[in-house]
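Down below is the structure, laid out as structure tokens.
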Amino acid sequence: MEEKKIVTSSGIEIKEIYLSAPPLTEAPGEFPFTRGIQKDMYRGRLWTMRQYAGFSTAEESNKRYHYLLAQGTMGLSVAFDLPTQIGYDSDHEMAEGEVGKVGVAIDSLKDMEMLFDGIELQKITTSMTINATASILLAMYIALAKKQGADIRQISGTIQNDILKEYAARGTYIYPPKPSMRIITDIFEYCSREVPRWNTISISGYHIREAGSTAVQELAFTLANGKAYLMAALEKGLDINIFARRLSFFFNCHNNFFEEIAKFRAARRMWAKITRGLGATDEKAQMLRFHTQTGGSTLTAQQPLNNVIRVTNQAMAAVLGGTQSLHTNGYDEALSLPTEAAAKIALRTQQVIAFESGVTDTVDPLAGSFFVETLTDEIEAAAQLFIDKIDAMGGSVNAIEQGYIQNEIADAAYRHQLEVEEGSRVIVGVNKFIQKTEAINDGFAIDESIRTVQTIKLNTLKAERDNEAVSVALDNLKEAAKGTANLMPFILAAVEAYATLGEVADAMRSVFGEY
């Protein structure tokens, strides 16, 4: 009887034993950065322990941020509710039932002021998971920093701002692809001039993976999207050695320990080659810097405490893979937004790895492993096949418009689900080691009255602000959208006049249309 093949989630065969490995000649911190972007990695500086949080109102989220900072979180990561993500104010009919549910509701600069009340923006780094309305939320953040008296050239953080993966995997887009790409390159240009420490895009494989892709597809489609952003910025006349330094990536980390580590190592090597091939000569512009979040879709509602082990496994893989920033999921997130207790144990997981495990004591401790080096090469080769196919289609925008990337992800998700149902892919507590009765978790519930609270705040704001100044700022934005001017100064002027998020998004909708 023939022995059954063992394969990774991407279908790469795992041999019983590895007797040799490809030679690895570069040191950490050297091109193509397979072994990490810093010579001393975590000996010099730990990754940023950045916990993702945001729910309900700005006031409620502000309390959670103060709690996380008191527990030792090193950076904040803001989750926004769906209306905020797709450019609707909380009082819009499309927002009904969604206000404050999957993140915090931000309708205006007033909400942003409350969100960061008592937190000095110049002293922290903030990541904002926002895409279609990234320009508006970034403008609000800059406006708040100015009100706090901060030097905006010194504020630092990241906006996700990755619209291509929204069309392919997630769905929170507003405008058609071409005007969306214009807004993104306007942000690149504006920030390189005005807010030079801001990471203007976090090219996201996370949601591609959550939609059902394999590890190899996550890598390939993410880098292909990254390449499309590089090309768009180059077409705008931007200097790759300047703007590419402010690009970062956002990867998922799933359960196959060695495949994930090899994926991160391959990602750095491939991006270094892509940027050099497009003319980057500055090493900082060739380095792939990335944030990792543990896999949301790997969390199970059944036996939720098992998720603590899953998250620990994934966090360890991210660290051994050389991440610059890490969010660990709460064990109860398959059931609800994380409770305070779950958020705390998630952060403690990172702290135990950092200070007790010893994995930070040396750089790239798995380098030279016959298995890891071989798998790194195999993942690179498999991902390159997808990228070559996308290049042949004319790049990511065309591949998305033709449905190629979406179909590949859907096929992979279907295969995964079949394997779970057949039992060939074991999920502990779901299709093996099942308990007949389980205690019901008291999840984190969101009060349905939030929309009413936000609507009252909006009505008060509109009664108190200078509505003529708002009208002028929005008209100026529309005129700029019709031409070729950089939109960021016009968006900033509108939010500083206390135009709402929905009003700013609608001004651009009136010119660009909806997709």
Side-chain angles (χ1 to χ4, degrees), residues 24-39 41 158-165 181 184-185 187-189 191-193 196-206 208 216 218-251 262-292 321-325 364 376-377 379-397 399:
L24 185 68
T25 53
E26 89 264 13
E30 290 180 1
F31 183 90
F33 313 108
T34 311
R35 303 193 60 194
I37 60 169
Q38 305 292 346
K39 285 181 169 59
M41 278 307 282
T158 304
I159 41 171
Q160 193 165 104
N161 199 26
D162 175 9
I163 205 66
L164 291 178
K165 66 92 179 47
M181 291 294 277
I184 287 168
T185 53
I187 293 169
F188 288 175
E189 184 180 55
C191 288
S192 66
R193 190 173 64 242
R197 294 186 64 196
W198 196 268
N199 297 321
T200 47
I201 191 167
S202 178
I203 303 156
S204 176
Y206 186 86
I208 290 169
V216 163
E218 177 195 0
L219 175 58
F221 299 155
T222 306
L223 295 188
N225 287 349
K227 200 171 175 181
Y229 294 124
L230 290 178
M231 303 286 279
L234 287 168
E235 282 169 23
K236 199 178 176 75
L238 301 184
D239 182 348
I240 192 169
N241 284 316
I242 295 173
F243 76 80
R245 293 165 66 117
R246 301 317 318 171
L247 306 186
S248 66
F249 287 79
F250 173 26
F251 287 116
K263 177 187 78 180
F264 298 134
R265 298 171 91 248
R268 278 191 294 271
R269 185 192 293 169
M270 294 177 78
W271 186 246
K273 292 174 184 174
I274 288 168
T275 50
R276 184 181 271 190
L278 289 172
T281 53
D282 185 326
E283 281 203 337
K284 289 265 195 309
Q286 299 166 346
M287 291 177 179
L288 181 144
R289 294 164 296 114
F290 69 100
H291 169 72
T292 309
T323 193
Q324 276 64 66
S325 171
D364 194 21
T376 300
D377 278 14
I379 285 175
E380 179 182 6
Q384 192 60 51
L385 291 176
F386 281 112
I387 292 173
D388 290 345
K389 193 172 284 190
I390 291 166
D391 284 346
M393 293 179 184
S396 273
V397 176

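Owing to the predicted nature of the structure, the values given are computational and were not obtained by experimental measurement. Computation of the quantities below employed the complete heavy-atom set of this structure, encompassing side-chain atoms and omitting hydrogens, waters and symmetry-equivalent molecules.
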If every non-hydrogen atom of Leu219 is compared with every non-hydrogen atom of Ala266, which pair is closest and at what distance? CD2-CB, 4.1 Å

Ala285 and Ala244: which non-hydrogen atoms are nearest, and at how many Å? O-CB, 3.6 Å

Does a side-chain heavy-atom distance below 4.5 Å link Asp391 with Lys227? yes

State the CG-CD distance between Leu223 and Glu218, to the nearest 0.5 angstrom. 9.5 Å

Mind checking whether Asn241 and Lys284 have side chains closer than 4.5 Å, heavy atoms only? no

Check: Thr34 and Arg268 side chains under 4.5 Å, non-hydrogen atoms: no

Checking ring-ring contact (aromatic ring centres under 6.0 Å, His included) against Phe249, which of Trp271, Phe290, Tyr229 comes through? Trp271

Less than 4.5 Å apart, any side-chain heavy atom of Gln38 and any of Met41? yes

Do Arg289 and Ser248 pair up side chain to side chain, a donor and an acceptor below 3.5 Å, judged on atom types alone? no

Go through it in stages, so that I can follow the logic: the residues are Glu26 and Leu24, the test is side-chain contact (heavy atoms from CB on, under 4.5 Å), and I'd like the CA-CA distance, side-chain angles, deciding distance and then a yes or no. CA-CA 6 Å; Glu26 89 264 13; Leu24 185 68; 3.8 Å; yes

Any Lys/Arg nitrogen of Glu283 or Arg276 sitting under 4.0 Å from an Asp/Glu carboxylate oxygen of the other? no

Between Glu235 and Thr185, is there a side-chain heavy-atom distance shorter than 4.5 Å? no

Inspect the contact between Asp239 and Arg245 and indicate whether a charged nitrogen and a carboxylate oxygen are less than 4.0 angstrom apart. no

Check for a donor-acceptor pair, side chain of Gln324 on one end and backbone N or O of Gly322 on the other, with a separation under 3.5 Å. yes

Counting heavy atoms not belonging to Met393, are there more than 12 under 6.0 Å from its CE? yes

If you define the side chain from C-beta out and look only at heavy atoms, does anything of Met181 sit under 4.5 Å from Leu164? yes

Report the C-alpha distance between Phe33 and Leu288 in whole Å, list the side-chain angles of each, state the deciding distance to 0.1 Å, and finish with yes or no for side-chain contact (heavy atoms from CB on, under 4.5 Å). CA-CA 8 Å; Phe33 313 108; Leu288 181 144; over 6 Å; no

Sorted by chain and residue number, the side chain to side chain donor-acceptor pair (under 3.5 Å) partners of Ser396 (sequence neighbours excluded) come out as Asn225

Nearest 0.5 Å, what's the CD1-OG1 distance between Ile159 and Thr200? 6.5 Å

Heavy-atom check, side chain of Leu385 versus side chain of Lys389, under 4.5 Å: no

For the residue pair Phe243 and Leu238, what are the closest heavy atoms and their distance? CD2-CB, 3.5 Å

With heavy-atom distances below 4.5 Å as the criterion, would you say the side chains of Met231 and Leu278 are in contact? yes

Give a yes or no answer on whether the side chain of Arg246 reaches the backbone of Arg197 with a donor-acceptor pair at less than 3.5 Å. yes

Work out which heavy atom in Gly205 is nearest to a heavy atom in Thr222; give both atom names and the distance. CA-OG1, 2.9 Å

Between Phe264 and Phe251, how do the two ring planes meet: parallel, tilted or perpendicular, split at 30° and 60°? tilted

Within this structure, what is the CG-CZ distance for the pair Leu247 and Phe188, rounded to the nearest 0.5 Å? 5.0 Å

Quick one, Asp162 with Ser202, criterion side-chain hydrogen bond (donor to acceptor under 3.5 Å, both in side chains). Give me CA distance, side-chain angles, the key distance, then yes/no. CA-CA 6 Å; Asp162 175 9; Ser202 178; over 6 Å; no

Measuring from atom CD of Glu30 to atom NZ of Lys39, what distance do you get when rounded to the nearest 0.5 angstrom? 6.0 Å

About how many Å separate CD1 of Ile274 and CZ of Arg269, when rounded to the nearest 0.5 Å? 13.0 Å

Specify whether Phe250 and Tyr206 have parallel, tilted or perpendicular ring planes, treating 30° as the upper limit for parallel and 60° as the lower limit for perpendicular. parallel

Could you give me the CA-CA distance, side-chain angles and deciding distance for Asp282 and Gln286, then say whether side-chain hydrogen bond (donor to acceptor under 3.5 Å, both in side chains) is met? CA-CA 7 Å; Asp282 185 326; Gln286 299 166 346; over 6 Å; no

Compare every heavy atom of Ala383 with every heavy atom of Val216, then report the nearest pair and how far apart it is. CG1-N, 3.6 Å

Heavy-atom nearest pair, Ile208 first then Phe221, reads CD1-CB, 3.9 Å

From CD1 (Ile201) to CG (Asn161), nearest 0.5 Å: 5.0 Å

